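One structure below.
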Amino acid sequence: MNINISGKRVLITASTEGIGRGVAEAFLREGCNVVISSRSKEKVEKAVSEMRKIGPSVWGFVSDLTDFKSLEELVNYSLKIMNGIDILVVNSGNPPKEPSYFFENTMEDWEYATKLYLLSAIKLTNLVYQHMKAQRWGRIFFLSSWTVKEPQRMFSLADITRTPLIQMAKLLSKELGEYNISANVILMGSFETEGAKRSLKRYAEKVGQPLDVIWKREVVSQIPIGRTGDLKNELGALLVFLSSDYAGYINGTSILIDGGMTRAI
């Protein structure tokens, strides 16, 4: 099987580190043009400089997923610098409050999480779909988590506000399928990133236990294959395949990549 997506124009949000960075590098290695983003100018500049050692066609833009005007500027920049967008990957970090239980959250926490996870995806989809429709080709990915199928108490904000993305992808498949545009949700398991460790460290402090104990008990021991995922060779490779012409029939669904972690069907 010869997968060739070289030259595809990819916009990936929250992508200067962690999950988003790993996915961006996977596309860059395939010869794609890539725009990455973050709220931090310093992180954007550093990531672009490092990633240009992999491939020259990467650019960065400072953008906030909770700010609609900022998202408009990000898409306009991407359209200008790459002369179009073929693939949209909506990734996000975690709310500052998380991990947190349901009744620990204020309404302001819920509002922020809804903007971060759900409304940003709706806004970005609205901003890019006309361009994909005009070229009659596109791929839209919403990066989510296995926990929307098996909710975890400590991830209440994320699990509740990200779940609607599954319905959204299904609806988009019906709206956009005739234009060869697919929309899918990627339900990720555990990947060893600094963001994941920061989040779990807050939980470890909350329950008064060492991070390494929590990491082993709550993460590694829950995965049947006994390890976390590989960003480049597993998650990145999955998205590369789904972006190819071999995967055009995969549309409007959610795909688990979790090493068998979730017990949900």
Side-chain angles (χ1 to χ4, degrees), residues 1 3-6 8-38 43 47 50-51 54-55 58 65 86-94 116-117 120-121 124 139-150 152 155 158-159 162 165-166 169 182-200 215 218-220 222-244 246-247 250-262 264:
M1 184 180 293
I3 295 176
N4 181 12
I5 61 169
S6 179
K8 294 295 186 186
R9 300 158 298 185
V10 189
L11 168 58
I12 308 171
T13 60
S15 44
T16 57
E17 60 184 12
I19 296 290
R21 169 75 174 263
V23 169
E25 290 185 359
F27 279 110
L28 197 57
R29 287 188 179 92
E30 295 296 320
C32 294
N33 303 298
V34 179
V35 169
I36 62 173
S37 72
S38 168
K43 287 183 178 181
E50 293 171 350
M51 291 172 69
I54 299 172
V58 57
L65 281 166
D86 300 303
I87 300 164
L88 169 66
V89 182
V90 182
N91 181 49
S92 57
N94 301 315
L116 180 68
Y117 290 126
S120 65
L124 285 163
R139 297 285 189 267
I140 299 171
F141 300 110
F142 305 120
L143 300 192
S144 185
S145 169
W146 66 277
T147 61
V148 302
K149 293 179 72 69
E150 190 183 339
Q152 305 296 297
F155 298 133
D159 289 349
R162 283 200 288 201
L165 293 173
I166 296 175
S182 65
N184 293 292
V185 181
I186 309 300
L187 302 180
M188 301 180 294
S190 294
F191 294 84
E192 192 168 345
T193 65
E194 289 305 311
K197 287 187 172 181
R198 281 196 301 268
S199 183
L200 212 59
W215 182 264
E218 300 292 339
V219 180
V220 179
Q222 303 297 319
I223 307 170
I225 65 172
R227 64 171 176 83
T228 55
D230 185 311
L231 280 178
K232 180 179 71 174
N233 295 316
E234 292 171 336
L235 180 61
L238 172 63
L239 286 169
V240 166
F241 170 73
L242 292 173
S243 299
S244 74
Y246 290 106
I250 301 173
N251 193 13
T253 192
S254 55
I255 300 170
L256 273 167
I257 175 169
D258 70 345
M261 192 172 189
T262 178

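These figures come from a predicted structure and were not determined experimentally. Note that these values count all heavy atoms, side chains included, but never hydrogens, waters or copies made by symmetry.
- Taking both residues in full, the closest heavy atoms of Met261 and Ile223 are given as SD-CG1, 3.9 Å, listed atom of the first, atom of the second, then distance.
- The shortest distance between side-chain heavy atoms of Ile19 and Leu231 falls below 4.5 Å.
- Side-chain contact check for Leu143 versus Leu239: some heavy-atom pair is nearer than 4.5 Å.
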Trace of the side chain to side chain contact (heavy atoms under 4.5 Å, CB included) decision for Ile5 with Phe241: CA-CA 9 Å; Ile5 61 169; Phe241 170 73; over 6 Å; no
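- We find the OG-CG distance between Ser15 and Asn91 to be 7.5 Å, quoted to the nearest 0.5 Å.
- From Phe142, atom CZ reaches atom OG of Ser120 across 9.0 Å, with rounding to the nearest 0.5 Å.
- Taking CD of Gln222 as the reference point, atom CH2 of Trp146 lies at 7.0 Å (rounded to 0.5 Å).
- Distance check: Glu234 CD to Phe191 CZ gives 6.5 Å after rounding to the nearest 0.5 Å.
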Chi angles and distances behind the side chain to side chain contact (heavy atoms under 4.5 Å, CB included) call for Leu187, Thr262: CA-CA 10 Å; Leu187 302 180; Thr262 178; over 6 Å; no
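- Remark: Asp258 CG to Met188 CE distance equals 11.5 Å, nearest 0.5 Å.
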Verdict with reasoning, Ile255 to Leu242, per side chain to side chain contact (heavy atoms under 4.5 Å, CB included): CA-CA 10 Å; Ile255 300 170; Leu242 292 173; 3.7 Å; yes
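- Checked for salt-bridge contact, Glu25 and Lys232 miss the test: no charged N lies under 4.0 Å from a carboxylate O.
- Taking CD1 of Ile257 as the reference point, atom OG of Ser145 lies at 12.5 Å (rounded to 0.5 Å).
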Side chain to side chain contact (heavy atoms under 4.5 Å, CB included) between Leu124 and Leu65, intermediate numbers included: CA-CA 9 Å; Leu124 285 163; Leu65 281 166; 4.1 Å; yes
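- When every heavy atom of Thr13 is checked against every heavy atom of Ser37, the shortest pair comes out as CA-OG, 3.3 Å.
- With hydrogens and angles disregarded, no donor-acceptor distance shorter than 3.5 Å links the side chain of Asn184 to the backbone of Phe141.
- Side chains of Ser243 and Lys8 form no contact here, defined as non-hydrogen atoms less than 4.5 Å apart.
- In this structure the side chain of Asn33 never reaches within 4.5 angstrom of the side chain of Asp86, judged on heavy atoms.
- Between Glu50 and Arg21 there is a salt bridge, with a side-chain nitrogen of the basic residue lying less than 4.0 Å from a carboxylate oxygen of the acidic one.
- Summarising the geometry of Gly93 relative to Tyr117, their closest heavy-atom pair is O-OH, 3.4 Å, with the distance given to 0.1 Å.
- Using a 4.0 Å cut-off between a side-chain N of Lys or Arg and a carboxylate O of Asp or Glu, Lys43 and Glu194 do not qualify as a salt bridge.
- Scanning all heavy atoms of the two residues, the minimum distance from Asn251 to Ala183 falls at OD1-N, 2.9 Å.
- Contact between Ser144 and Val185 at its shortest, heavy atoms only, is CB-CG1, 3.7 Å.
- Heavy-atom minimum distance, Asp230 versus Asn233: OD1-N, 2.8 Å.
- Using modelled atom types, one side-chain atom of Gln152 and one backbone atom of Glu150 make a donor-acceptor pair closer than 3.5 Å.
- By the 4.5 Å heavy-atom criterion applied to side chains, Trp215 and Glu192 are counted as neighbours.
- Take Arg139 and apply the side-chain hydrogen bond (donor to acceptor under 3.5 Å, both in side chains) test, not counting sequence neighbours, and it matches no residue.
- For the pair Asn94 and Arg198, the minimum side-chain heavy-atom distance is 4.5 Å or more.
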